[in-house]
Protein chains: 2
Amino acid sequence: MVLPRAARTQRRTRIQGEKEERILEAALEVFSAHGFRGATVDQIADVAGMSKPNLLYYFRTKETMHRALIDRVLDTWLDPLRAFDAEGNPVSEIRSYIRRKLEMARDFPRESRLFANEVLQGAPHIEDELKGPLKELVDEKAEVIRAWAKAGKIAKCDPYHLIFAIWSTTQHYADFDVQVRAVLGQGNSGDGRFEDAARFLERLFVDGLQVSEQPAS
Amino acid sequence: MVLPRAARTQRRTRIQGEKEERILEAALEVFSAHGFRGATVDQIADVAGMSKPNLLYYFRTKETMHRALIDRVLDTWLDPLRAFDAEGNPVSEIRSYIRRKLEMARDFPRESRLFANEVLQGAPHIEDELKGPLKELVDEKAEVIRAWAKAGKIAKCDPYHLIFAIWSTTQHYADFDVQVRAVLGQGNSGDGRFEDAARFLERLFVDGLQVSEQPAS
DNA sequence: TGATAATTTGACCGGTTGGTAAACATTACA
DNA sequence: TGTAATGTTTACCAACCGGTCAAATTATCA
């Protein structure tokens with residue numbers, strides 16, 4: 001019988017696991033580089049080193065593949081925010097959140113671009129995730145930040161916009177990598193660049209740019 | 001004779017001007033929403049309210065259209081950075097640069113997304129612009145910032161990363177608009193949101209988050 | 001007005017795209 | 001080992017895509 005891929009009724013085959021892994025890895029490569037529409041199944045099959053019909057045996061459609069990828073990656077992507085600890089020292093919590101996000105931009109740029117592509121084009125495939133799990137997590141952490149501000153442990157500020165600012169500044173180094181490299185020139189890449197960015201951002205978020213003896217009232 | 005579109009040897013027709021305008025407007029709409037590859041000529045023709053062959057009479061290829069659009073928009077896009085004034089007061093120059101960039105994200109989100117799509121996918125069509133005019137302008141303004149820092153007028157910081165931070169935080173509101181709206185919820189849009197963001201960012205960049213009596217050494 | 005150039009259209013083309021059908025090959029397991 | 005389920009391949013399709021062509025229509029201006 002041709003009870004195809006993901007034959008959940010049966011136990012998973014060894015081959016199933018291996019192939020699905022290879023496919024999702026290839027899909028991440030291609031989707032992150034070209035977006036959903038711009039990616040082609042042929043291309044993904046090619047990167048995964050298998051024929052297109054073979055790939056489609058494991059994921060019936062391009063959309064199925066994309067969804068499986070999103071589901072797998074979203075959790076990881078939100079881990080740094082989840083690690084945000086209400087009990088910790090506010091400034092050092094924010095500092096280490098920035099650093100963790102920056103590390104993710106460095107170590108998982110494809111994941112960052114996968115989401116960036118998706119959101120940029122109106123999030124047609126992940127609207128539910130944004131309005132559901134993402135919003136809930138952000139709401140929760142925003143409350144933590146608000147409490148810190150209220151207690152005078154950090155400056156009074158809109159916690160949502162603070163989170164947006166951390167997201168955008170850190171993910172910028174993954175999503176706009178080509179532009180960053182074009183502006184900084186050839187010589188500047190790798191760990192040097194990463195450390196420069198980390199130092200700058202930690203300082204920016206904590207102290208700002210002003211050389212104040214007296215903080216403005 | 002069929003001396004087609006942009007018959008530069010002849011003076012431009014009234015119709016030429018009007019149609020090219022309508023086409024570029026439609027192209028901006030479609031390219032910014034779907035990226036170069038994801039956009040189709042049919043779709044652009046449809047939005048422009050004309051037939052595909054008619055559109056292709058004015059712009060021979062999809063690429064020609066895209067390039068014309070980029071050329072037209074890039075200048076405008078860099079205007080706020082050009083307005084950056086070495087003679088002005090550093091903090092208020094930075095403050096008003098942030099505000100101008102934020103206004104552009106609000107008033108020209110499609111232009112922002114046009115570039116974001118392009119850069120995100122490796123800037124295959126605008127590499128030259130990034131390494132040329134863009135880099136030169138940034139180099140020039142980075143020098144201004146560096147001088148301010150050296151003179152003790154603002155905190156010592158990497159000027160390039162400062163510019164990246166301003167770009168990313170402001171453009172975030174155009175490029176990731178769907179996500180911002182999903183997280184903030186329905187009620188929060190329009191001018192209220194804009195003012196919140198502006199207030200937050202100006203404060204962040206100037207003062208940081210710390211509630212310091214003493215700035216860290 | 002008439003002729004000439006500019007514009008518009010419908011029909012069409014070759015290549016690509018996501019996806020299918022069915023035959024063939026391999027694996028797992030009783 | 002045999003056989004049923006799983007996995008793979010070749011050939012293919014219909015829809016879509018960027019772009020062409022030639023004929024028809026409209027604007028321009030002497």
Side-chain angles (χ1 to χ4, degrees), chain A residues 1-24 26-27 29-31 33-69 117 121 124-125, chain B residues 1-24 26-27 29-31 33-69 117 121 124-125:
Chain A
M1 192 197 294
V2 192
L3 211 211
R5 108 232 73 270
R8 309 290 182 204
T9 47
Q10 307 280 77
R11 66 186 179 291
R12 304 169 52 87
T13 313
R14 168 184 54 89
I15 294 181
Q16 254 178 52
E18 287 172 10
K19 290 294 168 74
E20 287 178 5
E21 193 59 32
R22 263 170 57 193
I23 291 170
L24 288 181
E29 187 71 27
V30 177
F31 279 133
H34 304 290
F36 181 78
R37 185 110 203 276
T40 75
V41 176
D42 288 271
Q43 208 178 346
I44 298 171
D46 195 51
V47 172
M50 62 181 79
S51 69
K52 179 169 63 170
N54 194 184
L55 183 155
L56 288 167
Y57 172 75
Y58 293 99
F59 295 91
R60 235 187 299 261
T61 68
K62 193 183 174 183
E63 204 140 353
T64 312
M65 232 162 60
H66 190 253
R67 167 132 305 274
L69 197 55
N117 262 303
Q121 305 195 358
H125 304 95
Chain B
M1 194 195 293
V2 192
L3 212 211
R5 106 230 70 272
R8 309 289 182 203
T9 48
Q10 307 279 75
R11 68 185 179 288
R12 305 168 52 88
T13 314
R14 167 182 56 87
I15 295 182
Q16 253 177 52
E18 288 172 8
K19 289 294 168 74
E20 287 179 7
E21 193 61 31
R22 263 170 57 194
I23 291 170
L24 288 181
E29 187 71 26
V30 176
F31 279 133
H34 303 291
F36 181 77
R37 184 114 202 275
T40 74
V41 177
D42 288 273
Q43 207 177 347
I44 297 171
D46 195 52
V47 172
M50 62 181 77
S51 69
K52 180 169 61 169
N54 195 184
L55 184 154
L56 288 168
Y57 171 76
Y58 292 100
F59 295 91
R60 234 189 300 260
T61 68
K62 193 183 174 184
E63 204 139 354
T64 312
M65 233 164 58
H66 191 253
R67 168 132 305 274
L69 197 54
N117 262 303
Q121 305 195 359
H125 304 94

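Naming convention: chains lettered A, B, ... in sequence-line order (proteins, then strands); numbering from 1 in each chain.
- Atoms CG (Asp46(B)) and C1' (dC17(D)) sit 15 Å apart, rounded to a whole Å.
- Between Tyr58(A) and the phosphate of dT8(D), there is a side-chain N or O to OP1/OP2 separation shorter than 4.0 Å.
- Between the CZ atom of Arg22(A) and the C1' atom of dG7(D) there is a distance of 13 Å, given to the nearest Å.
- Taking atom CZ on Phe59(B) and atom P on dT7(C), their separation rounds to 13 Å, with Å as the unit.
- Atom CG in Leu56(A) sits 8.0 Å away from atom CE in Met65(A) (nearest 0.5 Å).
- Taking 4.0 angstrom as the limit, Gln16(A) places none of its side-chain polar atoms (N or O) nearer than this to OP1 or OP2 of dT6(D).
- Taking atom CD1 of Ile44(B) as the reference point, atom P of dC17(D) lies 11 Å away to the nearest angstrom.
- A search for side chain to side chain contact (heavy atoms under 4.5 Å, CB included) contacts involving Asn54(B) returns Lys19(B), Met50(B), Ser51(B), Tyr57(B), Tyr58(B), not counting sequence neighbours.
- Legend: residues meeting salt bridge (Lys or Arg N to Asp or Glu O under 4.0 Å) with Arg22(A), ordered by chain and number and at least two apart, are absent.
- dG10(C) atom P lies 15 Å from atom CG of Leu55(B), rounded to whole Å.
- Closest approach of Ala26(A) to Ile44(A), counting heavy atoms only: CB-O, 3.6 Å.
- By the side chain to side chain donor-acceptor pair (under 3.5 Å) test, His66(A) pairs with no residue at all, sequence neighbours left out.
- Residue Gln43(B) holds its CD atom at 10.0 Å from CZ of Phe31(B), rounded to the nearest 0.5 Å.
- Computed from coordinates, the Met50(A) CE to dT10(D) P distance equals 15 Å when rounded to whole Å.
- Every side chain to side chain donor-acceptor pair (under 3.5 Å) that Glu21(B) has, sequence neighbours left out, goes to Arg72(B).
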Could you write out each protein N or O paired with an N or O of nucleotides 11-17 of chain C at a distance under 3.5 Å?
| unit_1 | atom_1 | unit_2 | atom_2 | d |
| --- | --- | --- | --- | --- |
| dT17(C) | OP1 | Arg37(B) | NH2 | 2.9 |

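- In this structure, Glu18(B) atom CD and dT8(C) atom C1' are separated by 15 Å, rounded to whole Å.
- Between Ile23(B) atom CD1 and dT7(C) atom P there is a gap of 11 Å when expressed in whole angstrom units.
- The side chain of Ser51(A) places an N or O atom within less than 4.0 Å of a non-bridging phosphate oxygen (OP1 or OP2) of dT9(D).
- Residue pairs meeting the salt bridge (charged side-chain N to carboxylate O under 4.0 Å, His left out) criterion with at least one partner in residues 35-46 of chain B, sequence neighbours excluded, are Asp42(B)-Lys52(B).
- The side chain to side chain contact (heavy atoms under 4.5 Å, CB included) test applied to Ala33(A) returns no partner, not counting sequence neighbours.
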Please tabulate the protein-to-nucleotide N/O contacts below 3.5 Å involving nucleotides 24-26 of chain C, giving atom names and distances.
none

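- Residue Asn54(B) places none of its side-chain N or O atoms closer than 4.0 Å to OP1 or OP2 of dT7(C).
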